[in-house]
Each structure stands twice: as C-alpha cells, then as structure tokens.
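Heads up: numbering here begins at 1 and tracks the sequence.
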Amino acid sequence: MTVNVHQGVLKKATGIGLAAVMGVALLAGCSSDSSTNTANGGSASPGGERVTLKVEVFDRGSSPAPHTITNNYLTRLVQERFGDPNNIDVEFVPVQRSEEVTKLNVLMASNTDVPDIVFTYDSSVFYRYAQQGGLTDVGELLDQYGTNLKKFIGEDTLAFGQLEGQQYAVPGKRAITGRYSSYIRQDWLDKLGLPVPTTTDELYTTLKAFKEKDPGGLGSKNIPMGMALAPAQFETLIYAFMKPVSGDLTYSQRYELPLHEGFKDAMQFLNKLYNEGLISKDFSLDEDKTQLAKDIQNGNVGYWSEDVDVLFYADGTLDNLYKNVEGSKVVPVDVLTNANVDNKHIKSRYASNGMYIMIPKSSKRAVEAVKYLDWMASGNNLIDMYSGVEGENYDLVDGIPVVKADVSQEFADRLFNAGDMAIISNGKNIGDQATNEKAWVSGFPERNQEMLKQSIAIANTDTVGPIVFGKPIEAESQYGTTLNDKLAVIIVKTAMVKPEQFESVYEQEMKDYMSLGGAKLQEELEQGLKELQAQ
C-alpha cells in the first residue's frame, strides 16, 4: 500500500515537473533606469517625480487582524523610513508561498506586471531566468548604490548569485548554517544503566536494548528510534554513511543523495532497523513529521533526529513531553559516526545563502531596488525589521536584541511577517555566526535555551556543505522534481523489503532512478566538478 502511494507521487511529478521547468518567455525589456540618487536619500528619479517600487512578498495566509500582508507594521515602516525620504511609493505584491514558482513564472512572462524585486529559494529557477536574459546584471549597481549591502552579504555568499561572472541575483545571507541534531531519552538510559551512545554501532546496541527491555513500559507503543519520511530524519542517517564528493563539500540537492558513495550502506542499515522493529513502523506515511511529533510528545520514542530548533519552542515538542510523561528527560547527542570519513559525526549544513533576490530585466527601477536592499542592510534597519521596537518587543542585552517575555499580543503581531520582509537575511543576522546563534537562542523559552545551545553545537560539528558550481546543472531543472519523488520511493521500498530481498530491490530502484534522469544528472555533476577543480 505504501509503495503504491509513492509510485502515485512519481506519476504526479511528471505534471509538476513540466510546470516547474517550462520554457518561460522572459522578454528582455528596457534596461535599468540610469537615474542617480544622492547618498543621503535624495530623489530616486529624474526631476524628483515620485515613482513606485514594486516588491514581491510571500503571503502565507496568516496575517493577524487588523494587519494584511500588504498593509501592516513593517510595510508602513518601510514606507516611512525608506520610501518617503526617497520619494518612492513602495508597493508590495503578494505571492502565495505554496505557489511561488508557478506564480513567479507567470509574473516574469507578463513583463509588465512583474515586481521590480522578486525572489526564489530554487537555484534552478534563478539560473533559468538568468540564462534566458530575464534578469538585470546588478554588479555595477551594487558597486554604486549597494556598498552596505555588499559588506553585509560578503563575497563568498554573493558568489551564489553569479552566472558566468555576472551578478544576476543578490543572495540572502543565512544567519545560521547548522541544520540537524539528535536526541535521546536520558531517563530510558538511566533505567537500563546504559551510557549515552557515541558511535553508530553503540546506537544500534542501545536501540536493541530499548526494544527488548522496554524502559518506558510501553508495550506495542514502544519506538526505539523515531523515523519519518522527512529530511531531518533520513538525511541525518544517509550523511552518516556517505562520502563527501570533495573535502567537506558535496552536491547540494537532496535528490542527488543516491549518487553518493555510501548511500547504499545507509539504505541497508535502515532496512536492518526496520526489519528488527527498531524504527517507526509507519514512517513512510509521515512526510510532514506530524506522527513523529505526537509519538515523541507522548513519550513513545527513545532516540530521534530533528531540525536543530524544532523541539524547543514554547509549548512545543519538548515542553509537551515533559508535561505528558513525568520524569522524562531528553539530552542532545551526536552519535552517528561515518566509517567513510575517519569516523567523524558527518552531517549536512546549510549553504551561506538564503533566497535568490532578483531584479527582472524589464524593470525600470533597478536603482531604486538596489537602494532598497542597501537601506535594509544599513544602520539598525534589519534589527528593527526582525525585532521590532526596543522596550516594547525586545531589550538590548550586550548588543543582542532579547525578546521580552511579557510582550503584548499587539506588539508581537507587528512582527508576524518579519522573516518574509527582511529578505536579505535568512534568520537574525546580528554579527558573526556565534552572535547570531546567541540572538536566536534568546528568542526561545529560557527553560529550553541551554539544550538548544547544545543542539546547535552538535549541528555545527563535522558538517558537509554544498558545492557552488557557478553555472546551472541543467539536469537539476529537468529532472529534479521526479528524482526527488523517486528518492522517497527508494527509501521506502528498500527499507520495507525483507533483508534477503534488499539487494535486488535496491538495484532495480537505482536502475529506475538513473533512467529517470539520474544518469544525465550524474554526468553533468561530475563534469561540473572537473571544471571547478581545474580552475
């Protein structure tokens, strides 16, 4: 039954893939407005006429009354601090987050209704627009109007927005690159008199003990290792077996994991865990981690991996577990060791970039667009957009804005869309990563902050990051959607078959993967790597 579900996903992917990679007619309109602007915020247009700058904004359908996505505290702040002093009306164009690529394709093709600032998290979408001549080269504009922005983003991160030496996007800067950590029930270990495991083999032994001795007294509800068909769970396992492509770098897309040495070993280990009843039985049906979260909160899970912050929100997973199960205790752990990489605790890290911020070639407001992004990177503007008003939303402690525990709902609501408005920053960028982490931790309940610090430290240990090719990998946009769904099918099928059937099923699934575009993808990635190493 589960396998049929994922085979259905593969069929569905064909239609989705066509929409995602369709050849959008990106008409190269007028070149960027060459109007000048005074350094202290003078007129942004010739003769001082008032102009309109259109900026995309994600609409997640969660605007608290009386706010709307286009009329709220932060849109008014932008207008008052940036728009009015520069004689600009800033108009925000809402795009539903769930349909962002489809809607962006439509906007870009229209040429007249497209905002002056658009963005995407999808590198293949960015590369396609750039290749088709649909984007403004902002290199010289950044030199002239974006000095604060360039300093904030940094040269290494700016490289993510370049194609053949031209700066076609301004990548947002990610505040924190750590992704995943793992956790174990210390009270279960204590009941069994077991130490915290420190290697993959020790973890397996511990999971066996959790199953056989059932320290939680759960019977059939006992889940030694929590599992879901979600990246935070399967990526942590795969990275613990796979060999990076070059040093501490590897291919960047999730659907490229099957091309790595060690992927098969990871799938075989997962098959072993499943057949011995050591992981969540119905993990294949839990793609959004809803069931996993319930199982953890009900005290049924002994060990699991998760995004670095998920447990620690107020009234979240950890708080609910402690409320529901008296005497329960969780500790962050780093246990999965990789035999292919000197037995280090290998795990993936985020790239230093967030979204790709782009100015369509048809825009006549490229100067104003760059000045807007530069304004965001200037003074306290970014802090104010993320943190609100000092004394009302936060207190400044050692240079770090700390969220007030007693902040009113009115003041809290003013920042409901802060992450979507402060587009140059993915997360709170206050300074270096250590400072950013302190600022991030300060926003969580004090009772959970020490554990979050430990979780972040684990997430930053022995990490592997993505390779920046500086050119598009065509097969990613052609086959990415289908291969991503195929990855899920591979994980499910190879995990759930009997051990003696693993080899034949794995070989067949990989044969299918390669025929669905994996072979072309591998060829392009290997060629791109050779060219990169030859530079």
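Aromatic ring pairs are classed by plane angle as parallel below 30°, tilted from 30° to 60° and perpendicular above 60°; the pair Y372 and F82 is tilted. Using cut-offs of 30° and 60° for the angle between ring planes, the F119 and F58 rings count as perpendicular.
Salt bridge status for E474 with K520: absent, with no side-chain N to carboxylate O gap under 4.0 Å. Look at R97 and E100 and you find a salt bridge, because one of the NZ, NE, NH1 or NH2 atoms lies within 4.0 Å of a carboxylate O, short of that distance. Salt-bridge formation is detected for the pair E509/K486: a Lys NZ or Arg NE/NH1/NH2 atom is positioned less than 4.0 Å from an Asp or Glu carboxylate oxygen. Using a cut-off of 4.0 Å between Lys/Arg side-chain N and Asp/Glu carboxylate O, D307 and K289 are scored as salt-bridged. Ion pairing of D384 with R81 is present here, as a side-chain N (NZ or NE/NH1/NH2) and a carboxylate O approach within less than 4.0 Å. Using a 4.0 Å cut-off between charged side-chain N and carboxylate O, D84 and R50 make a salt bridge.
A donor-acceptor contact under 3.5 angstrom links the side chains of N105 and Y129, judged on distance only. Between the side chains of Q233 and D286, not a single donor N or O lies within less than 3.5 Å of an accepting N or O.
Between the side chain of D116 and the backbone N or O of K54 there is at least one donor-acceptor pair closer than 3.5 Å. A donor-acceptor pair is defined here as one N or O able to donate and one able to accept, closer than 3.5 Å; such a pair exists between the side chain of N381 and the backbone of W375. A side-chain donor-acceptor contact under 3.5 Å links N436 to the backbone of A175. For Q167 (side chain) and A159 (main-chain N/O), no donor-acceptor pair under 3.5 Å exists by modelled atom type. S363 places a side-chain N or O within 3.5 Å of a backbone atom of R365 that can act as its donor or acceptor partner. Judged by distance alone, the side chain of R254 and the main-chain N or O of N484 form no donor-acceptor pair under 3.5 Å. Under a 3.5 Å cut-off, the side chain of S280 and the backbone N or O of F283 do not form any donor-acceptor pair. Side chain of T136 to main chain of V138: no donor-acceptor pair is present (N/O by atom type, distance under 3.5 Å, no hydrogens or angles).
Atom CD1 of I69 sits about 4.0 Å away from atom OG of S63, to the nearest 0.5 Å.
Y255 has its ring centre no less than 6.0 Å from the ring centre of Y479.
For D143, the salt bridge (Lys or Arg N to Asp or Glu O under 4.0 Å) partners at least two apart in sequence or on another chain are K150.
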